[in-house]
Novice: 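Below is a structure I'd like to ask you about.
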Number of protein chains: 2
Amino acid sequence: MSQQRHGSTPGNAPGDRAGAVAAFPDLPEATIARLPEYLRALHNLGDTGSDTISSEGLAAAAGVNSAKLRKDLSHLGSYGTRGVGYDVTLLIEQIEYVLGLHQRRAVCLVGLGNLGHALAGYDGFASRGFKIVALFDADASKVGEEVDGLTVRHIEDLGRVAVEENIAIGVIATPAGAAQAVADVLVDAGVTSILNFAPCVLSVPANVDVRKVDLAIELQILSFHEHRKASLIALPGGRSATADDQEAVGS
Amino acid sequence: MSQQRHGSTPGNAPGDRAGAVAAFPDLPEATIARLPEYLRALHNLGDTGSDTISSEGLAAAAGVNSAKLRKDLSHLGSYGTRGVGYDVTLLIEQIEYVLGLHQRRAVCLVGLGNLGHALAGYDGFASRGFKIVALFDADASKVGEEVDGLTVRHIEDLGRVAVEENIAIGVIATPAGAAQAVADVLVDAGVTSILNFAPCVLSVPANVDVRKVDLAIELQILSFHEHRKASLIALPGGRSATADDQEAVGS
DNA sequence: AGGCGCTTGTGAAGGCGTGCACAAATCGCG
DNA sequence: CGCGATTTGTGCACGCCTTCACAAGCGCCT
């Protein structure tokens with residue numbers, strides 16, 4: 001789908017520049033973070049729904065406030081139809097274009113431990129606009145291994161391969177100790193976006209974007225809420241009330 | 001470490017309530033989300049550093065502004081020493097207590113596909129306050145399998161086991177289609193915090209906290225920034241400039 | 001053709017978070 | 001004992017984001 005010519009994407013008619021791309025009306029970061037949610041909801045609805053969707057309906061499917069959704073979409077100049085709603089197909093195209101998903105992006109993955117293996121085989125990447133085109137590891141014993149149709153290469157080759165394959169996004173799934181070194185190599189190779197799963201802070205040039213996913217942090221945030229809930233219950237309440245300040249796992 | 005009696009945690013001396021726990025001064029969500037970062041940085045520094053750390057130093061290690069860090073710490077009534085800094089050990093204890101990490105929390109994991117296997121073996125959970133005590137899957141062919149020292153059980157047993165093991169946190173690593181059903185089972189079993197890796201919106205009662213991690217969304221956000229950067233370069237620039245509106249992966 | 005109901009798009013207000021800049025406090029040294 | 005250097009804790013202002021509420025626009029039905 002969305003095989004259409006994207007140069008004709010609507011919404012950039014009036015104030016467009018030279019012959020370049022769209023000239024983004026610098027969207028708020030919060031909006032950008034939600035666009036992928038809308039996109040996912042739209043794809044789900046596209047299969048089993050009608051041609052159009054109201055802001056109310058889409059907002060419910062994406063789990064957000066409908067006013068927020070409308071404002072988000074209005075930011076990217078999207079045209080809904082008053083009294084009707086948004087054209088599902090058109091909206092999908094618009095969002096995909098803004099997110100730069102009209103082209104399939106090449107991604108490389110560094111670090112093939114536990115998590116790396118899982119990421120290499122994760123369907124969600126392929127089905128949502130990305131293609132892992134290379135795997136790297138520093139461990140010689142892993143180099144040469146075949147993972148999900150790709151051969152693991154030594155990280156030394158990263159620079160060359162990144163240029164050959166035009167890789168702009170790198171995923172770091174190494175231990176924390178190795179992450180900064182890997183990031184440096186990625187930056188040197190021309191990668192300008194990094195998704196970091198290692199629990200550490202990366203320092204990179206200003207033109208490089210880094211996003212971090214730390215699984216333990218997510219759990220710790222939940223732990224806080226557990227702690228809070230348990231302490232609010234105070235005396236009454238269920239089994240977790242008194243147990244909270246004792247032990248949870250068992251001695 | 002932090003084996004001490006936590007009832008004596010300082011900072012709640014003046015306005016404490018009955019005999020209950022701490023009575024949190026409802027911290028801002030943004031602060032809560034950063035506390036785990038500080039904690040990680042502190043652990044790193046604790047190994048190779050001095051007894052105290054300045055807000056400047058810790059902020060650098062955690063990748064945030066130092067004023068923000070001070071404000072965050074002040075919210076939880078932490079006592080640093082002016083002219084000196086924060087006592088590393090004490091601060092670790094404080095943050096761990098606030099996050100509810102003074103006890104090791106029992107976690108169960110549902111869904112042992114690619115990602116589930118990786119999560120089951122992820123060191124970061126064990127080393128940062130959590131213990132996976134049970135694995136579940138709906139696929140009969142996976143039940144009985146041994147993964148990282150635990151035997152995979154059928155999801156039917158979740159209710160019973162959750163109560164037995166006093167599980168308050170559940171991790172969903174199933175396909176999107178199964179996630180809501182799993183969430184319902186978890187909620188029924190008394191789980192009040194869910195970490196959801198499935199790309200879908202979960203609907204749960206108000207007293208249940210859900211955090212979502214969607215790997216593809218992170219990449220899509222990076223993709224947007226790639227797209228934006230590429231379009232800003234316009235004409236000059238590197239290899240990715242002209243390639244952006246063509247193809248990235250190769251025909 | 002006209003009116004009515006529905007939905008989008010947006011102005012305005014309120015809340016939250018951030019970062020500056022400085023007062024208050026503590027330590028060390030002379 | 002007092003002074004200066006250093007660092008925390010925080011008042012304040014600014015900007016972003018969210019949410020409400022409503023006018024404007026569109027289609028359908030009569």
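Every chain is numbered from 1 and lettered A, B, ... according to where its sequence line falls, protein lines coming before strand lines. From a predicted model like this one, the values you see are computed outputs, not experimental measurements. In what follows, every heavy atom counts, from backbone to side chain, and hydrogens, waters and symmetry copies are set aside.
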Novice: Measuring only between side-chain heavy atoms, which start at C-beta, is Glu218(A) closer than 4.5 Å to Leu222(A)?
Specialist: no
Novice: Do Leu58(A) and Leu91(A) have side chains that get closer than 4.5 Å, going by heavy atoms?
Specialist: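 Side chain of Leu58(A) against side chain of Leu91(A), heavy atoms only: contact under 4.5 Å found.
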Novice: Contacts to DNA chain C from residues 201-213 of chain A, heavy-atom cutoff under 4.0 Å, which residues?
Specialist: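 None, since no heavy atom is under 4.0 Å.
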Novice: Atom CZ of Arg34(A) to atom P of dC16(D): distance rounded to whole Å?
Specialist: 15 Å
Novice: Please report the shortest heavy-atom distance between Val98(A) and Phe224(B), naming the atom on each side.
Specialist: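 Minimum heavy-atom contact is O-CD1, 3.2 Å.
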Novice: Run the salt-bridge test on Glu37(A) and Arg34(A) with the 4.0 Å N-O cut-off and return the result as yes or no.
Specialist: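 Looking at Arg34(A) together with Glu37(A), the answer is no, because their closest N to O distance does not fall below 4.0 Å.
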Novice: Within this structure, what is the CD-to-P distance between Glu29(A) and dG15(D), rounded to whole angstrom?
Specialist: 18 Å
Novice: Test Val110(B) against every option in Ile194(B), Val191(B), Val182(B), Val185(B) by the side chain to side chain contact (heavy atoms under 4.5 Å, CB included) rule and name the one that passes.
Specialist: Val182(B)
Novice: Going by atom types alone, do Asp87(A) and Thr52(A) pair a side-chain donor with an acceptor below 3.5 Å?
Specialist: no
Novice: Establish, from distance only, whether the side-chain atoms of Asp209(A) and Ser193(A) form a donor-acceptor pair under 3.5 Å.
Specialist: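 The answer is no; no qualifying pair exists.
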Novice: Looking for any heavy atom pair under 4.0 Å, which part of the strands does Thr52(A) touch: base, sugar-phosphate only, or nothing?
Specialist: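 No contact at all - Thr52(A) keeps every heavy atom at 4.0 Å or more from the nucleic acid.
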Novice: Looking just at side-chain N and O atoms, do Arg228(A) and His225(A) make a donor-acceptor pair shorter than 3.5 Å?
Specialist: yes
Novice: Along nucleotides 19-29 of chain D, 5' to 3', which nucleotides get a B, which get an S, and which get a -, given that the test is a protein heavy-atom distance under 4.0 Å?
Specialist: BBB--BBBS--
Novice: Using a cut-off of 4.0 Å on non-hydrogen atoms, how would the nucleic acid contact of Ser66(B) be classed: base, sugar-phosphate, or nothing?
Specialist: nothing
Novice: Using the heavy-atom set of chain B and a strict 4.0 Å cut-off, write down the first and last nucleotide of DNA chain C that makes it in, 5' to 3'.
Specialist: dG17(C) to dC27(C)
Novice: With under 30° as parallel and over 60° as perpendicular, where do the rings of Tyr97(B) and His227(A) fit, or are they tilted in between?
Specialist: perpendicular
Novice: Let me spell it out: for each of Thr31(A) and Ser54(B), pick the nucleotide of DNA chain D with the closest heavy atom. Which residue's pick is nearer the 5' end?
Specialist: Ser54(B)
Novice: Does the pair Asp214(B)/Arg128(A) count as a salt bridge with the N-to-O cut at 4.0 Å?
Specialist: yes
Novice: Does a side chain donor of either Ser78(B) or Gln94(B) reach within less than 3.5 Å of an acceptor in the other side chain?
Specialist: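 No, Gln94(B) and Ser78(B) have no side-chain donor paired with an acceptor closer than 3.5 Å.
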